[in-house]
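Here is the structure we will look at.
The figures that follow rest on heavy atoms only: side chains count, while hydrogens, waters and symmetry mates do not. Residue numbers start from 1 in every chain, and the chains themselves are labelled A, B, ... in the order their sequence lines are given, proteins ahead of strands.
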Amino acid sequence: MNRIAMLGGLIAGLGFFFLPTLALKPNRLAPGTSFNLFEFQGDDRYLVLFVLALLPILLSFRHDVESRGWLLVGTGSLLFVLTLVLPAGAGRLLLETPEAFLDGGAFIRNPRILPAGAIATGLLGAYVTLFAGVRDLAKVEVQTWLQALATWLAPIVTLLLLLNGTFDVYSIMVEFYANGAALEQKFVEHLMFVFISLGVGFVVGVGLGLWASRDERLAPIILYAVGIIQTIPSLALFGVLLVPLARLGDQSFLATAGFFGIALVVAVALAGSYALLADREPGRVRIVHLIATAIGAAVPLALFVGVLVSFVFRLANVGFTSGAYGDTTGTILVLLLAALATWGVGRWFVPDESRWRRGLKVANWSLSAATAVAVVVLFVQASGSNRVLGGVESLSALTIRDLGVSGIGVAPALIALTLYSLLPLVRNTYAGLNNVDLAIIDSGRGMGMTPSQRFFQIELPLAFPVIMAGVRNAGVALVGIGTVATVIGAGGLGDFVIQGIVNTSIDQILLGAIPAIALALVLDAVLRGVEGLLTSPGIRQVQQ
Amino acid sequence: MIEFQNVVKRFPDGFTAVKGLNLTVHDGEITVFIGPSGCGKTTSMRMVNRLLSITEGKILVEGRDNRDFPAEELRRKIGYAIQQIGLFPHFTVLDNIAVVPRMLGWEESRIRKRVDELLDLVGLDPDINRDKYPRQLSGGQQQRVGVARALGADPPIMLMDEPFGAIDPITREVLQEEFLAIQQEIGKTIIFVTHDIDEAIKMGDRIAILRDGALEQYDTPDNILAHPKDRFVRDFVGSDRSLKRLGLVRVSELMDPESKPLVRMRDSTDKARQVIEEHKVRSAFVVDDEGVLKGWVDLDGIRHAPNSLIDAMMEADFHEIGVRKGNTAREALSAMVARGFRITPVVDKNGRLVGSITLKALQDLAEQEWSEEEATAS
Amino acid sequence: MTWTRVPGVASLIWLALAVAFFALQTVTVPVTDPELRDAVGETASFAPDLWLPLFSFDGGTVIDMQASNDVRVLTFGLLDAETRAVDALRGTPVTLALGWFAALMALIEAGLAWAFRDREEKLVRPLVRAAGIFLVIWSFYGHEPFWDWMLRGLFPTSPDLLYNSNVLVSLASQHLELVLVSSILTITIGLSLGIAVTRAAFREFLPLVSDVVNSGQTVPTLAIIAIMAPIIGFGFWPAIVALILYGLLPIVRNTIVGLEGVDPAMIDAAKGMGMTPTQILWQIEVPSAASIILAGVRTSVVINVGTAALGAFVGSGGLGNPIASGLNQSIDPWVLLGALAAALLAILLDYILGRIEYVMTPKGLQIEQ
């Protein structure tokens, strides 16, 4: 017996029985009239859904696991697709004569069809049924590609139907067509939040993790500090950053640069004295010295990262989205693809001992370097634009605000997101490096590897999957937290969500939420893929 | 040649692990460092390739102070194998063995040839194992790769820290035998650390017994067993050291190649009785035309079946009743005790009878050892 | 042995604080906020009286939503309603000077130090101490003249300083209430679910639940809270539902990971000794998994503090209100008021739960770590 399938059938069946399937709204804002599956009178086709929903319950009693699995996969997939397709047909009928279904007094203008609860439970039930079926297939060890096909068939068909316009009748699609351009822009903004803060967070977080793994006295302090940041609610962190960033924005660039220089000198002095004296200091003095060193290092680091991340975002925003630098962005894309291609060819198609390998390696390195140079060129070009520095006349008149730092807007969002990415990155880097078997490092040492050889050839590759897991966690979290950035006027997909709340429009909320969820899932999958490609097969099998 | 000269190792916490060690490791020999835990055996070994720094004194490697070389360069010239094996799990077998050759800048083709050669040497099929990852190998196979890796760049010196310590007893014996065979071929200068006295006796050309960071006794296994310097060494090698010493002697050294009370299967029972009486033994060995041991016959048997030798003989496989020429005297003793024989046949690898060994011969050996000891004690 | 372990040091520190609070009470600061001036006069004492957390349990305020595209209308609507709901609370703190409270804490600490004089104790004293510190911070947070003075220093030119409705303590109470109610429900549901799917009877649902829990992580918190509003309505309960849904993920995940990670040999040994499944669960499995489960609870509660702040957008009240209104109307002091309090609340809860986590982990397992 397959009780998971039974659960799936129950969810879908009860949903279709008790919950409304569609709501017809006379206009964009007024509440609508709900329709149950059985209220689509005169057309028994819709009862197919109900039968399909209950079928998994019957199927779950079959004993032959393989046939049960395939039947469940079939039922689940069909239920998934039809739960979306059939009500869409009913919705079209409702829209043809909306006045027939609404109260006389309703103000009918651009009536809409809102998918209601039963569609959600239907999809959930279909998912559970599909899950049950695929589990059965896995149990009898059907080939993995068939399992994957069984899993992905329904979503792919749904996607094709979506592209075909089958679901255009639903209000969320109406909303999508109405806001298409804005959605694209918000999506790109959101993507840039995530990538830039994850990128900077990666450098800082992995750096801190490395530092922690090299100095066991420092490790608890670093981990504690990034842990505290994580506990602060996102809305509160945006708020806390507001005041200092607003103040920072008012400062002149030259004065800040001077302060940064002094802070840097102080930090280096503290770190240097710590490195020299720590072993000779009594315990408590050493701890104080250590904390002073950590704070001393944090000040210039925070300042630098804060300004850098804001300025890079501004440059990237102007460079990539203004459309004025098509040539350069095109070049970057071509170079990046070429670099990836040489890497891939070198990795999979050229045997180790081939003499082409060296050439490909050189090509790959030079293409990667060229990509980086092209990005720098783009940034230099973009920095000439008025949109970047706002037409500041002289260096002395330049303020930090001109570089993109301000109390509300993108700067606090990026900085907060960068801070949030630190905990998973630092913790995983630290754990990954610390968990490398000491015997392995010892044999590396015994064979005469230099410290850098040991780090790059042994420690880093072995810690890599753990570090990448941190990157994935951070990435997925950032996509979610990024939606909150809308409240400080930074934009992103959260804009739609907040608008949706104000308008009590679930369509708008979903218009922001679904791309965010999709982005998180895709980012997770892509990072998983990168992790898989770059992790040695020798340790990959243990990870699973 | 490796020479320890007044070597002292003191750790930052004040603990002195090695207190003035003086010792010469001879070329082409396996020198075993042994002692109870904390005696400084591993510490001493790790100072040779400078995984630990030397506090006082010096270590000469091939006549030069090992601090004259940069540490990494020194280590690349010294093979290193440890108990935890420490293979790099993210490298294939080939990449693992190639680590040092690659650091030394060998040609890729030369490296591949060398790797195949080494895999053959340690008894792994290169074609099957070259591209495997360590976790796809059994513990014993992993340690073979570990040894191959230590031999990667053909270093004249090897340091081995309990290399077979974490392996099950049966596989360990096999690996020990195999490694001894390899050493016959390659003749490296080896420092071998262990805490297992049986392993030390088996593997070592010389054994250095350490205690509390100082050298207690340094000699060949036979001499250490025969003449333990003091009570500590005597306790350490164990009260069964006579037996252990038998383990150092090969059957071929003790057997009597002339004393062969043997009859052929075609011979008559009278012939058999005659041979038994002639040799003043209780039974005679029966061989076939090839000289392969087939069983034995005694007077009882002849009495019960006086007409046919084949009927009278006790059939037995030579694996069961014979000992090989290459076995140790200890194994011969064990075989005799197990079967209640006073004499046991010695066969070659094809089962042909080549001689016999008597319980008396073994006893004589042990007695000689005791009397020697009494002589030294008094 | 650090200085905090020296008996009596904590009570001496409380005594010193008591003296400081009495001294501060004699210091008066000018009141600049006009509304506050009407309520308390030209000057006020710097140190507050003790405020106890007050729970209204009125379920926040339901707003009569009007069709509008403007976020401001929403938050202004909230403001008005909030003002009405909480005005009654103003000026009704417990009338105990904070100095006396600190003196009382000194006594309690001394008593505890004596009671636990010869054994190590890691739960009661830290929790009592944390509660004392919490009440002091809480009282300062609710003491409006204090904020008036602080914020005037930070924002000399800002026309508005204190949040309109101005009853900070009631906002914080609402926030705490949201977190506590949702956390209790979350922990109950999450633990039951996690335990259920690791029992033999429901084990087949384990992969399904793990799958849902892991992919649930990708849904943004703001989206969950937002989706609840049109479905259930605005106010306290939609926020609670959203908090439970999101808070469940770490608890269920950690309960599963913790229970699945218990050494099977241990369970086998327990079975061999004749323990019943219930005994095995409560005496073996749950204690072994306690630290992991409690880490999940801690994560969940801390996430809830953050999600509850977002509840301001669906009218559930709480500390998100001053932040949201301040951001909308560009009044930085309001944002700071809400943000500091929310951040402090999260850090404090995290600390307390961290203590509990540490203490509830069986001694034998602590040694390993």
Side-chain angles (χ1 to χ4, degrees), chain A residues 2-4 7 28-30 117 127-128 131-132 135 227-228 230-243 246 407-408 473 476-477 479-484 486-489 493-494 497-506 509-510 512-514 516-521 523-524, chain C residues 65 67-71 73-74 154-155 202 204-205 207-208 211-212 215 217-227 229-231 234 302-303 305-310 312-314 319-320 322-324 326-328 330 332-333 335-347 349-350:
Chain A
N2 189 328
R3 289 192 294 171
I4 302 181
L7 178 71
R28 189 169 169 221
L29 297 166
Y127 159 75
V128 173
F131 189 91
R135 289 281 298 173
I228 287 275
Q230 201 74 7
T231 59
I232 299 175
S234 49
L235 196 58
L237 189 55
F238 291 142
V240 171
L241 286 174
L242 188 143
V243 178
I408 59 166
N473 286 346
V476 170
V479 174
I481 302 170
T483 56
V484 183
T486 176
V487 303
I488 46 168
L493 290 167
V497 179
I498 290 289
Q499 258 178 43
I501 296 177
V502 173
N503 295 340
T504 38
S505 158
I506 214 166
I509 294 171
L510 290 178
I514 291 177
I517 295 170
L519 178 59
L521 290 174
L523 189 65
D524 189 55
Chain C
M65 292 300 297
S68 165
N69 284 324
D70 193 347
V71 179
V73 176
L74 168 73
L154 275 174
F155 304 93
F202 297 102
E204 52 185 305
F205 292 100
L208 180 71
D211 199 49
V212 171
S215 41
Q217 215 72 35
T218 57
V219 184
T221 41
L222 186 64
I224 290 200
I225 253 197
I227 289 169
I231 295 176
F234 283 78
V302 169
I303 288 178
V305 176
T307 317
L310 297 178
F313 296 104
V314 294
L319 292 165
I323 305 179
L327 285 171
N328 268 313
S330 304
D332 293 354
V335 178
L336 201 61
L337 269 180
L340 280 180
L344 265 179
L345 188 63
I347 292 173
L349 279 176
D350 185 59

**Complete:** The interface call for Ile509(A) against chain C, heavy-atom contacts under 4.5 Å, is side chain

**Message:** Please classify the contact of Val243(A) with chain C as side chain, backbone, both or neither, using a heavy-atom distance under 4.5 Å.
**Reply:** side chain

**Asked** Under a 4.5 Å heavy-atom cut-off, does chain A meet the side chain of Asp350(C), its backbone, both or neither?
**Response** side chain

**Side chain to side chain, Leu310(C) and Leu235(A), heavy atoms closer than 4.5 Å** = yes

**Message:** Do Val305(C) and Thr231(A) make a side-chain contact, defined as non-hydrogen atoms from C-beta onward lying under 4.5 Å apart?
**Reply:** no

**Segment of Leu519(A) engaging chain C (4.5 angstrom heavy-atom cut-off)** = neither

**Ile4(A) portion near chain C, given a 4.5 angstrom heavy-atom threshold** = both

**Asked** Which bit of Tyr127(A) is near chain C, if near means a heavy-atom gap under 4.5 Å: side chain, backbone, both or neither?
**Response** side chain

**Request:** For each of Ala226(C), Gly338(C), Ala342(C), Gly320(C), tally heavy-atom pairs with chain A at distances under 4.5 Å, and name the one with the top tally.
**Result:** Ala226(C)

**Request:** Compare all side-chain heavy atoms of Phe238(A) with those of Leu327(C) and state whether any distance is below 4.5 angstrom.
**Result:** no

**Asked** Of all of Leu242(A), Val476(A), Asn473(A), which one pairs up most often with chain C through heavy atoms under 4.5 Å apart?
**Response** Leu242(A)

**Request:** Report the C-alpha distance between Leu7(A) and Leu208(C) in whole Å, list the side-chain angles of each, state the deciding distance to 0.1 Å, and finish with yes or no for side-chain contact (heavy atoms from CB on, under 4.5 Å).
**Result:** CA-CA 11 Å; Leu7(A) 178 71; Leu208(C) 180 71; 4.0 Å; yes

**Residue that, paired with Pro220(C), satisfies side chain to side chain contact (heavy atoms under 4.5 Å, CB included) out of Val479(A), Leu493(A), Ile517(A), Val497(A)** = Ile517(A)

**Fill in**
So, the part of Ile227(C) with a heavy atom under 4.5 Å from chain A: the answer is both

**Asked** When only pairs under 4.5 Å are counted, which of Ile228(A), Leu241(A), Val240(A), Asn2(A) shares the most heavy-atom pairs with chain C?
**Response** Val240(A)

**Request:** Answer with side chain, backbone, both or neither: which region of Pro207(C) has an atom nearer than 4.5 Å to a non-hydrogen atom of chain A?
**Result:** both

**Request:** Below 4.5 Å from any heavy atom of chain C, which atoms of Val484(A) appear? Answer side chain, backbone, both or neither.
**Result:** both

